[in-house]
Amino acid sequence: MSQHREYPRYNARESEPKWRKIWDDEKLFQTKNEDPRPKYYVLEMFPYPSGRIHMGHVRNYAMGDVVARYKRARGFNVLHPMGWDAFGMPAENAAMQNNTHPATWTYANIAAMKAQLKSMGLSLDWDREIATCDPSYYKHQQAMFIDFMKAGLVERKVSKVNWDPVDQTVLANEQVIDGRGWRSGALVEQKELTQWFMKITDYAEELDAALDTLDRWPEKVRLMQRNWIGKSEGLMVRWALDQASAPKGFTELDIYTTRPDTLFGASFMAIAPDHPLAKAASDRNPALAAFCDECRRMGTSVAALETAEKRGFDTGIKAVHPFDPEWKVPVYVANFILMDYGTGAIFGCPAGDQRDIEFATKYRLPILPVIVPADDTGRAAALKDIAEGKPYVDDGVMINSRFLDGMTTDAAFNEVANRLASESMGGRPVASRKVNYRLRDWGISRQRYWGCPIPMIHCEVCGVVPVPKKDLPVKLPDDVTFDRPGNPLDHHATWKHVGCPQCGKPARRETDTMDTFGDSSWYFARFTDPWNEDAPTTPAAVNSWLPVNQYIGGIEHAILHLLYARFWTRAMHKTGHAAVDEPFEGLFTQGMVVHETYKAADGTWLTPAEIRIESGANGRRAFRLSDNSEIGIGDIEKMSKSRRNTVDPDDIIGTYGADTARWFMLSDSPPERDVNWTEDGVQGAGRFVQRAWRICCEIADLSGVDHVGHFGADSTAVRRAAHKALSGVTDDVERLRFNRCVAHVYELSNAMSGALAKGNVTPDMAAALREAATIFVQLLAPMMPHLAEECWAVLGHAGLAGNARWPVLEKALLVEDSFTYPVQVNGKKRADVTVSRTAPQAEVEAAVLADAAVQRALEGRPPKKIIVVPLRIVNVVG
RNA sequence: GCCCCUGUGGCGGAAUUGGUAGACGCGACCGACUCAAAAUCGGUUUCCGCAAGGAGUGCUGGUUCGAUUCCGGCCAGGGGCACCA
């Protein structure tokens, strides 16, 4: 029987600040660039300083901290920094609402959130803290922008842009979701503006190809980026225009197609309303001009564009088929053709494309099948479908296609490409292979105040002139007002007036600021030497630290942030600011934190704090605390203010301590999946904190721990449990499977408390338990660092747990002398047979056949076959 | 519409990647301690069955000595992209 000595409860509220102060005083987490140990860079996506951290942050940073602390224990020089993604709209909104300056609001939020993050006990090097709104940061961003421009990676062009009418600013394509602004939710309009662009399309091929090298990224994210870049391989084909019908000066029409194999199924051409040919044709046809105008007006809202009916207008122009001068097809203007993809013109093959067949049906154009499945039944079905208006879009064999007949899709593609490439029109080949991308250039101009000023000056004489680097940073003016819509920089009385750096004449500053995604596209590089005032990066530092070994953040950044950062890093490489192309070697995207919702009868949502849960054998019921009325338990959803199902990290840390919050966040759910925050779960985590503490206290009190002799069977089992847990946690931290790490730790604690409960602790058992407890605390340390320090101290170890090296695994302990085979008869488990680990196959078979349960299952029949998988399983086939 | 992912107890999930399905936690139930409760400790907990035994990883076929794992078809849920030629 256990002695059941009483130990004081572990008091997180006293213990946690104490250890944090010691870590701070010892400068435990300050990282030196010149440290000779091998480097490891672990980074969590830095937060926007909204004012308070939320549970998503807790989960993200708890995971990153496990990796950082583990790698530190493994002997790495770990870089684990933190900063603030501090520019953006909310600061301006707050300025408007509360009449505070965005900077005041932002820095107050940073201070508040920093205190919250500190209370989590993260092993961060706060000396490297950066805020993107600080001139000492954006100064370098401006310098890089100028370098990028000189390297030809920045462009100023007139373009149709996504205009958010609520935020009164331009949005990148990536920031338009379902036709609405990603922040405001307003229906986005199309507007023609002169804007600054980053030429990300110059890297389209590289950004696509290099995805193959990112083998430590989630497949899902790579796929999303691949789809976003949207590479397609096709053919540019030049069609001659029938001169009798074409406007003057137009002799040919270039189209882009990925299906040149279907060329003999062509029944019409379609061009964008903004296509030069459409404009020329409009000049002599008022009805066509009206149609094009209408299409353009439709285009003001992205949403309208998507739901719009597919319509066309016959220009009267005919195009000549590249393989048959006698074959002429009509040229339509169509509202669904995009001017900025391919050439803004297509040929339509109705039998092989859903949209084309709809169009052909509507305008009574021919529908000729050219590809069908090779087998007879498939062919018949496909022909029937096409006749009924359903296209056949898959590969197959060619029909109705002259010299292509009988060829496969691929062969026909190549045949057409080769034949047309060797023919010429006006001295150029009729067709050439061409790769196209869906990816558009990154428009970075924002008509906002709270962002990084674009360091350019517009001079009437000299044109657009970069601000000389000696004049950087272009600082935001402090005295701005937010009392009217639009860009406060534009309204400022003096800021934008400046002398031209070249000719000295009065000139105008660029008042657009940079998309805040620019700020987060290089912060990971700045962390490597944030003290360098002269340049964005220091070669020795940036090139030894990058790439980030492990980056952790939300899946919502799968496209925007991660694609921009990959581009920016390449641009930095090109301009000499870094020597790598890929910023993030390993990427992990964690799931969301979700919580039950509670909805009162009148439809209002209640917070978890306003209700009480009763659970019994027949389920869980919720009651409102104020009036005891029963409340409906709703779906489990992402924590959000609108559903009122949020839990404040401060409350949890105040009640249970940071370790409990961290432990619960890491347990149960696999980190890439959503985790359901439950009060029961947190209490369970809190119970374990107490249990771990008690076990360590009990073991610390044992006598005979310095035993150095033979370990008996029981004590060996305890040691084995410890080393199995060590092996398991090591393996699973490396693979970021934190829920399994937690399970291994629980198993070890069960083994230790089981041994303690038996009582009569022999000296060898005491020694085994002490060894096990030491390992236990070290396994705990990356996840519950404060508790680990307290246990480390009570066990009498010198120094800090946070400074201890990872325990050494005794592999021999994991292997037992004997092995118990599960024995199946005809695939069903019937017995366990224990034999020596080294027993030869014949001996295993003999032991199995001698087993009574096996004999019973065989019912006297001789076994047909015995399959022995060494150290796995035995299956007897009867 | 196209592309991708996921379906395992009351719940979150585990399963050495083709080898004992349900580790670990939560919840529930039983017991100990207690005047009592909380806390703590011990036990039970996939389903049917008193048991022997049988069934069982969304459904349905297949491959295999053996399938949660591989292949085909279907169903359900989630995500991404969406006039991209």
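Below, read A as the first sequence line, B as the second, and so on, with proteins coming before strands; counting in each chain starts at 1. The basis for the numbers below is simple: all heavy atoms, side chains too, and nothing from hydrogens, waters or symmetry mates.
- Rounded to a whole Å, the CD atom of A:E556 is 13 Å from the P atom of B:rC81.
- In terms of the ring-ring contact (aromatic ring centres under 6.0 Å, His included) criterion, residue partners of A:F268 (sequence neighbours excluded) are, by chain and number, A:F359.
- When each of B:rA85, B:rG25, B:rG13 is scored by its nearest atom to the side-chain atoms of A:N750, the top-ranked nucleotide is B:rG25.
- Where A:V742 and A:D356 meet RNA chain B, the nucleotide closest to each residue was compared, and A:V742 sits on the side nearer the 5' end.
- With sequence neighbours excluded, the residues forming a side-chain contact (heavy atoms from CB on, under 4.5 Å) with A:A345 are A:L253, A:I255, A:I271, A:H275, A:T343, listed by chain and number.
- Listed by chain and residue number, nothing satisfies the ring-ring contact (aromatic ring centres under 6.0 Å, His included) test with A:F738 (two or more places apart in sequence, or in another chain).
- A donor atom on one side chain and an acceptor atom on the other are found under 3.5 Å apart for A:Y7 and A:D701.
- Considering only residues two or more places apart in sequence or on other chains, A:W663 meets the ring-ring contact (aromatic ring centres under 6.0 Å, His included) condition with A:F688, A:Y746.
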Review item, nucleotides 42-51 of chain B N/O atoms under 3.5 Å of protein N/O:
none

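- Contacts with RNA chain B (heavy atom under 4.0 Å) in residues 266-273 of chain A: none are found.
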Could you list the donor-acceptor pairs under 3.5 angstrom formed between side-chain atoms of residues 347-354 of chain A and any protein atom two or more places apart in sequence or on another chain?
residue, atom, partner, partner atom, Å
A:D353, OD1, A:R355, N, 2.9
A:D353, OD1, A:D356, N, 3.0
A:Q354, NE2, A:E358, OE2, 3.1

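- Checked against B:rA39, B:rG54, B:rA23, the side chain of A:R9 finds its nearest nucleotide in B:rA39.
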For nucleotides 1-12 of chain B, tabulate all protein N/O to nucleotide N/O atom pairs closer than 3.5 Å, reporting atom names and distance.
residue, atom, partner, partner atom, Å
B:rG12, O2', A:S669, OG, 2.8
B:rG12, N2, A:D668, OD1, 2.9

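- In this structure, of B:rC83, B:rG80, B:rC26, it is B:rC26 that holds the atom nearest to the side chain of A:D680.
- Other residues, nucleotides and ligands place no more than 12 heavy atoms under 6.0 Å from the NZ atom of A:K390.
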Can you tabulate the close N/O pairs, meaning under 3.5 Å, that link protein atoms to atoms of nucleotides 60-67 of chain B?
residue, atom, partner, partner atom, Å
B:rC65, O2', A:N875, ND2, 3.2
B:rC65, O2, A:N875, ND2, 2.6

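- Picking from B:rC84, B:rA55, B:rG54 the nucleotide with the shortest atom distance to the side chain of A:K828 gives B:rA55.
- Residues satisfying the side-chain contact (heavy atoms from CB on, under 4.5 Å) criterion with A:F819, sequence neighbours excluded, are A:Y821, A:R837, A:L871.
- Residue order along RNA chain B, read from the 5' end via each residue's closest nucleotide, puts A:E747 first among A:A685 and A:E747.
- Residue pairs meeting the salt bridge (charged side-chain N to carboxylate O under 4.0 Å, His left out) criterion with at least one partner in residues 253-265 of chain A, sequence neighbours excluded, are A:R238-A:D254, A:R259-A:D261.
- Among B:rA85, B:rG80, B:rC81, the nucleotide with an atom closest to any side-chain atom of A:W228 is B:rC81.
- Residue-environment remark: NZ (A:K231) exceeds the threshold of 12 foreign heavy atoms within 6.0 Å.
- When base pairs are accepted only as Watson-Crick or G-U wobble with both N-N or N-O distances under 3.5 Å, RNA chain B takes part in stems of 3 or more pairs at B:1-7 with B:75-81, B:10-12 with B:24-26, B:27-32 with B:40-45, B:46-48 with B:53-55, B:58-62 with B:70-74.
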